[in-house]
K.L.:
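Let me begin by handing over the structure; questions about it come next.
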There are 2 protein chains.
Amino acid sequence: MEIRKRKVLEAVVNDYVVTAEPVGSRSIARRYNLGVSPATIRNEMADLEDLGYLEQPHLSAGRVPSDKGYRYYVDNLVRPAVAGGEEYRGFMRNVLETQGHDMAGLLQHVARTLSEFVDYLVLISGPEMGSSAYRLVRFIPVYDGRVILFLVTEGGFVQTFALDIGDIVQQDMDKVKEAFYTSFYGMTLEDICNELYDTPPKGLEEYRAPLISSLNALVERLNDGQKQRVFFCGTANILKQPEFRDADKAFALFNALERHSLAYEMLQALCRDEEVDVAIGDEINRQGIQDCSLVVSAYRFGNDLMGRIGVLGPRRMDYARVMPLVREVSRTMTDVLNGL
Amino acid sequence: MEIRKRKVLEAVVNDYVVTAEPVGSRSIARRYNLGVSPATIRNEMADLEDLGYLEQPHLSAGRVPSDKGYRYYVDNLVRPAVAGGEEYRGFMRNVLETQGHDMAGLLQHVARTLSEFVDYLVLISGPEMGSSAYRLVRFIPVYDGRVILFLVTEGGFVQTFALDIGDIVQQDMDKVKEAFYTSFYGMTLEDICNELYDTPPKGLEEYRAPLISSLNALVERLNDGQKQRVFFCGTANILKQPEFRDADKAFALFNALERHSLAYEMLQALCRDEEVDVAIGDEINRQGIQDCSLVVSAYRFGNDLMGRIGVLGPRRMDYARVMPLVREVSRTMTDVLNGL
DNA sequence: GGTTAGCACTCTCAACCGGTGAGTGCTAAA
DNA sequence: TTTAGCACTCACCGGTTGAGAGTGCTAACC
């Protein structure tokens with residue numbers, strides 16, 4: 001694309017991001033020093049519309065970026081705003097350090113903090129329990145037939161699941177206590193299922209079937225993303241955005257987001273790039289969320305991907321600010337989790 | 001209050017609940033068989049307004065119930081709608097039974113199910129961890145200095161907390177493992193703190209201070225309600241209500257609700273009655289939630305109050321439907337949790 | 001040939017205006 | 001005490017109008 005067209009496209013996106021109003025040739029000529037008259041810009045805009053980068057809500061209105069226009073902007077034009085990054089980094093470190101590695105609380109806090117820096121919705125998915133390796137696995141019998149599966153991931157995330165292994169007589173409970181003191185270090189849930197299937201703990205052969213089926217059901221749920229918790233913060237922010245002041249639009253969006261599994265899948269679906277990824281409008285491909293964009297970055301522990309941090313806002317999102325911010329937060333998360 | 005005034009007040013509330021429009025004397029005369037003309041009803045309404053039970057949005061509009069009017073209605077006039085109760089009970093039992101006592105999942109499901117029966121927001125607070133007695137307390141050392149406190153309440157609710165007890169040398173970790181195998185059966189968190197303070201486990205005297213301070217911080221957080229999780233469902237429902245189609249109103253409400261601790265306190269604050277309680281408008285006494293009503297009922301395990309189920313909607317809530325429904329759900333919860 | 005000034009045209013939006021309908025308060029009669 | 005009648009108020013709807021912003025097109029300009 002010619003240099004001037006790029007400048008015009010960038011100007012349109014920049015202006016539209018802040019005003020949420022269709023932007024016209026005159027205002028671009030006034031606010032940006034392109035050295036040409038509105039008429040020339042008008043011609044460029046007409047060309048950009050032909051090429052599919054801009055759209056016109058109605059004749060005699062200004063132009064609005066199309067999905068394709070945003071895509072081009074994000075891929076080629078966006079100039080990350082550095083301001084706030086450092087400030088935020090300090091803030092984050094503070095949050096991370098005072099939260100003492102209580103993962104759920106930590107993620108909640110990070111979501112809250114981030115949502116105060118952007119006027120959008122923040123989503124953070126927790127560690128993927130289904131396929132990650134555990135540093136500690138413990139089976140804790142609680143009472144008749146109920147066993148709590150206690151897991152700690154490499155990253156220190158604790159999760160518990162209740163398993164029902166049917167009627168157990170009291171004296172067998174002690175056996176359970178003993179039997180499950182085996183080490184499952186570094187195994188995934190699938191591994192544990194297989195292990196138990198192949199070599200059931202001594203004295204507990206008769207409970208193997210219900211235990212296995214209970215575990216299998218658990219693995220299945222985890223893979224469905226049903227058990228996966230997504231932390232939300234800044235829901236109210238959505239209502240600040242002019243495009244969601246219409247109650248029906250807002251309703252459709254909130255309704256969709258209420259299915260946490262959908263939010264989880266949405267976060268998972270983005271993984272083109274290592275650092276920070278963006279899905280624009282229809283690219284999100286979820287009912288009710290067509291009018292949004294999602295900026296996502298993953299945080300890691302060691303080589304394992306732990307979870308994802310996402311910011312969901314209108315397509316007209318402030319990419320220049322959000323992208324570096326999200327990148328920064330996930331980097332900081334990764335750093336702190338890895339004990340740097 | 002005279003019988004006819006009561007009938008008129010009831011009629012106004014009933015109509016306003018469904019239409020959300022100020023209701024006039026004529027429409028009451030038409031829809032209810034009071035045996036008097038609109039003019040008479042008009043006079044009664046003027047009286048009710050003088051008494052503070054009704055309000056007029058503007059001259060020449062119909063009347064709307066005031067907070068006082070709703071209060072009188074809820075206390076004296078409401079006729080619980082029975083329809084749906086049994087149907088719901090079956091539904092609930094099914095949810096409760098298939099959820100296998102995984103408390104977090106269970107509460108989430110109950111919230112979801114209930115939110116499908118009412119067009120309002122459902123809030124459920126989990127067991128109060130701070131002051132309830134535990135059936136099982138376990139300290140699980142994870143790695144250097146990090147100990148997970150693993151708690152199971154009488155009701156089978158599992159919760160874990162990370163504690164930092166400072167630098168621990170590896171060989172001491174085994175001691176921790178041993179030392180914390182004590183039984184803390186039936187103790188509350190406060191009890192445990194005291195116990196550890198009075199008689200620190202053998203060989204771990206030097207870790208007493210950080211452990212105690214870590215635990216104290218935990219108790220404090222629990223008492224602040226910070227750690228208390230509140231399960232939300234039906235947030236989108238709020239936007240269906242005409243009074244929240246105005247984005248600013250909705251924003252104020254969502255903003256307030258985002259502070260989960262506020263939601264928690266709101267639920268806790270209501271405890272006049274055993275069965276089901278209602279806070280109307282300003283009675284809720286929380287910034288941003290003045291225009292709502294809250295219907296709450298507690299569920300129990302044994303004699304302990306475990307948590308609360310609340311429905312938050314506009315003041316113009318369908319009390320006749322919501323009140324029995326909330327009562328029914330909390331009863332069913334209590335029944336199922338107690339193993340009936 | 002690219003650029004620009006000028007101009008007619010389009011479309012939205014806010015303000016205005018009058019009519020309609022719902023509802024009220026008041027008064028006088030039943 | 002109740003009711004019919006009536007004048008009055010106010011929100012709301014639909015149509016109109018004018019202003020403002022923006023466009024496309026054309027012809028002149030460098």
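These numbers were taken from a predicted model, which means no experiment stands behind them. Per chain, numbering begins at 1; letters A, B, ... match sequence-line order.
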K.L.:
Just compare C:dG23, D:dG22, D:dT3 and give me whichever is closest to any side-chain atom of B:R26.
P.N.:
C:dG23

K.L.:
Could you give the CD-to-P distance, from A:Q56 to D:dA21, as a whole number of Å?
P.N.:
17 Å

K.L.:
Could you give the CG-to-P distance, from B:D47 to C:dC26, as a whole number of Å?
P.N.:
12 Å

K.L.:
Under 3.5 Å, is there a donor on one side chain and an acceptor on the other for B:Y120 and B:D318?
P.N.:
no

K.L.:
Measure the distance from CG on A:D15 to C1' on D:dG22 and round it to the nearest whole Å.
P.N.:
15 Å

K.L.:
Which nucleotide in the set D:dG22, D:dT3, D:dT9 lies at the smallest distance from any side-chain heavy atom of B:L59?
P.N.:
D:dT9

K.L.:
Write down the distance between CD (A:E2) and P (C:dT3), rounded to a whole number of angstrom.
P.N.:
10 Å

K.L.:
Roughly how many Å is it from CG in A:N43 to P in D:dC25, rounded to a whole number?
P.N.:
10 Å

K.L.:
Taking the inter-plane angle between the rings of B:H260 and B:F232 on a 0 to 90° scale, is it parallel (under 30°), tilted (30 to 60°) or perpendicular (over 60°)?
P.N.:
tilted

K.L.:
Among the candidates D:dA21, D:dC10, C:dT3, find the nucleotide nearest to the side-chain atoms of A:T40.
P.N.:
C:dT3

K.L.:
Looking at D:dT3, C:dA5, D:dG24, which one has an atom nearest to any side-chain atom of A:A39?
P.N.:
C:dA5

K.L.:
Is any side-chain nitrogen or oxygen of B:R42 closer than 4.0 Å to OP1 or OP2 of D:dT2?
P.N.:
no

K.L.:
Looking only at N and O atoms, is any donor in the side chain of A:S60 or the base of C:dT10 less than 3.5 Å from an acceptor on the other one?
P.N.:
yes

K.L.:
Just N and O in the side chain of B:S37: are any of them under 4.0 Å from OP1 or OP2 of D:dT3?
P.N.:
yes

K.L.:
Nearest-Å distance, CD (B:E44) to P (D:dT1)?
P.N.:
11 Å

K.L.:
Is atom CG of B:N33 surrounded by more than 12 heavy atoms (other residues, nucleotides or ligands) closer than 6.0 Å?
P.N.:
no

K.L.:
Should the ring pair A:F254 and B:F254 be called parallel, tilted or perpendicular, given that the plane angle runs from 0 to 90° and is split at 30 and 60?
P.N.:
perpendicular

K.L.:
Taking the minimum atom-to-atom distance to the side chain of A:A46, which one of C:dG25, C:dT10, D:dG24 wins?
P.N.:
D:dG24

K.L.:
At 4.0 Å (heavy atoms only), tell me whether A:S25 reaches a base, stays on the sugar-phosphate, or touches nothing.
P.N.:
sugar-phosphate

K.L.:
Starting at the 5' end of DNA chain D, which residue's closest nucleotide do you reach first, B:H58 or B:R4?
P.N.:
B:R4

K.L.:
Taking only side-chain N and O atoms of B:R63, does any of them lie within less than 4.0 angstrom of OP1 or OP2 on C:dG25?
P.N.:
yes

K.L.:
Whole angstrom is fine here: how far is it from CE in B:M45 over to C1' in C:dG23?
P.N.:
9 Å

K.L.:
Round to the nearest Å and state the distance from B:E49 atom CD to C:dG23 atom P.
P.N.:
15 Å

K.L.:
Without hydrogens or angle criteria, can the side chains of A:E275 and A:S297 be said to hold a donor-acceptor pair below 3.5 Å?
P.N.:
no

